[in-house]
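Just below is one structure, and these are the notes that go with it.
Residue numbers count from 1 along this sequence. Only heavy atoms go into these numbers, but all of them, side chains included; no hydrogens, no water, no symmetry mates.
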Amino acid sequence: FSTSQTVCNSYTWNATTYTASGTYSDTTVNSSGCDSISTLNLTINPSTTSSNTVTQCDSYTWNSQTYTTSGSYTFVTPNSNGCDSTATLNLTINNSSSASTTETSCDNYTWSVNGTNYTASGSYTDVSTNSSGCVHTDSLVLTINPSTSSSTSITECDSYTWPLNGITYTSSGIYTESSTNSNGCFHIDTLDLTIEYSTSTSSTETA
């Protein structure tokens, strides 16, 4: 008798495993003691494989599945012969990175990350690329405290002692005193001083 088979990869017939298409025969002795010849018409269709290597930042979607870690992944579908087609993904996931800095400064602050000088409080970001080729985001939370100043105009006779520093001035002028305000920044006091001098007269009378 004759039989036809179409299979994937291999086929075992009469205790023999075949891995190639062909026509095979096997002779046995029938119940009458005569030869019995069996014929196998065999078609072997191979399974197929493919491999792909990918490097990606943070995540990668392959065959509707999203991967976030490096590894080797497989996906099996039927090929055109109806046998398994096994695709292998060799995946490397590199991660994005970030860093955050909090700073307090007087009047202005130059961020070393990007060289920008800021004069107002706020949250600032700078985006660059890390050593893995992925996004690196630096964040700056900045508080700017201002320097302060005050000015006083005084007119006095002969001399004036400025309570701020205890110095006695005997001539007109503009004087300054530096200190630190409540925010730890500079405070400048200015004294605009005018000194008016006392005068005296003397007279001699003869009787």
- Query: Does one side chain, of Ser179 or His187, offer a donor that lies under 3.5 Å from an acceptor on the other?
  - Reply: no
- Under 4.5 Å side-chain linkage, directly or through intermediates, the cluster mates of Tyr118: Tyr109, Trp111, Val113, Tyr124, Leu140, Leu142, Ile144
- Task: With rounding to the nearest 0.5 Å, note down the distance linking OG1 in Thr23 to CG in Asn41.
- Result: 4.5 Å
Can you give me every donor-acceptor pair (side chain of residues 163-171, partner residue at least two apart or in another chain, under 3.5 Å) with its distance?
| residue | atom | partner | partner atom | Å |
| --- | --- | --- | --- | --- |
| Asn165 | OD1 | Ile167 | N | 3.0 |
| Asn165 | ND2 | Tyr169 | OH | 3.3 |
| Asn165 | ND2 | Glu177 | OE1 | 3.2 |
| Thr168 | OG1 | Thr161 | OG1 | 2.5 |

- Message: Hydrogens and angles aside, do Asn108 and Thr119 bring a side-chain donor and acceptor to less than 3.5 Å of each other?
- Response: no
- Give me the ring orientation class for Phe75 and Trp62: parallel if the planes are under 30° apart, tilted from 30 to 60°, perpendicular past 60°. perpendicular
- State, without any angle test, whether Ser38 and Asp26 hold a side-chain donor-acceptor pair at a distance under 3.5 Å. no
- Query: Does a donor on one side chain sit under 3.5 Å from an acceptor on the other, for Thr61 and Thr66?
  - Reply: yes
- Query: With no hydrogens and no angle check, is any side-chain donor or acceptor of Ser21 less than 3.5 Å from a backbone partner on Ile44?
  - Reply: yes
- Task: To the nearest 0.5 angstrom, please state how far the OG atom of Ser105 sits from the CG atom of Asn145.
- Result: 8.5 Å
- Message: Once rounded to the nearest 0.5 Å, what's the spacing between atom CD1 of Ile93 and atom OH of Tyr60?
- Response: 9.5 Å
Run the side-chain donor-acceptor check on residues 3-10: report pairs under 3.5 Å with partners two or more places apart or on a different chain.
| residue | atom | partner | partner atom | Å |
| --- | --- | --- | --- | --- |
| Asn9 | OD1 | Ser47 | N | 2.7 |
| Asn9 | OD1 | Ser47 | OG | 3.3 |
| Asn9 | ND2 | Ser47 | OG | 2.8 |

- How far apart are the closest heavy atoms of Pro46 and Asn79, and which atoms are they? O-ND2, 3.2 Å
- Query: Does the side chain of Ser128 come under 3.5 Å of the side chain of Asp138 through a donor N or O and an acceptor N or O?
  - Reply: no
- Message: Set out, in order, the CA-CA distance, both residues' side-chain angles and the distance that settles side-chain hydrogen bond (donor to acceptor under 3.5 Å, both in side chains) for Thr12 and Thr17, then state yes or no.
- Response: CA-CA 4 Å; Thr12 300; Thr17 299; 2.8 Å; yes
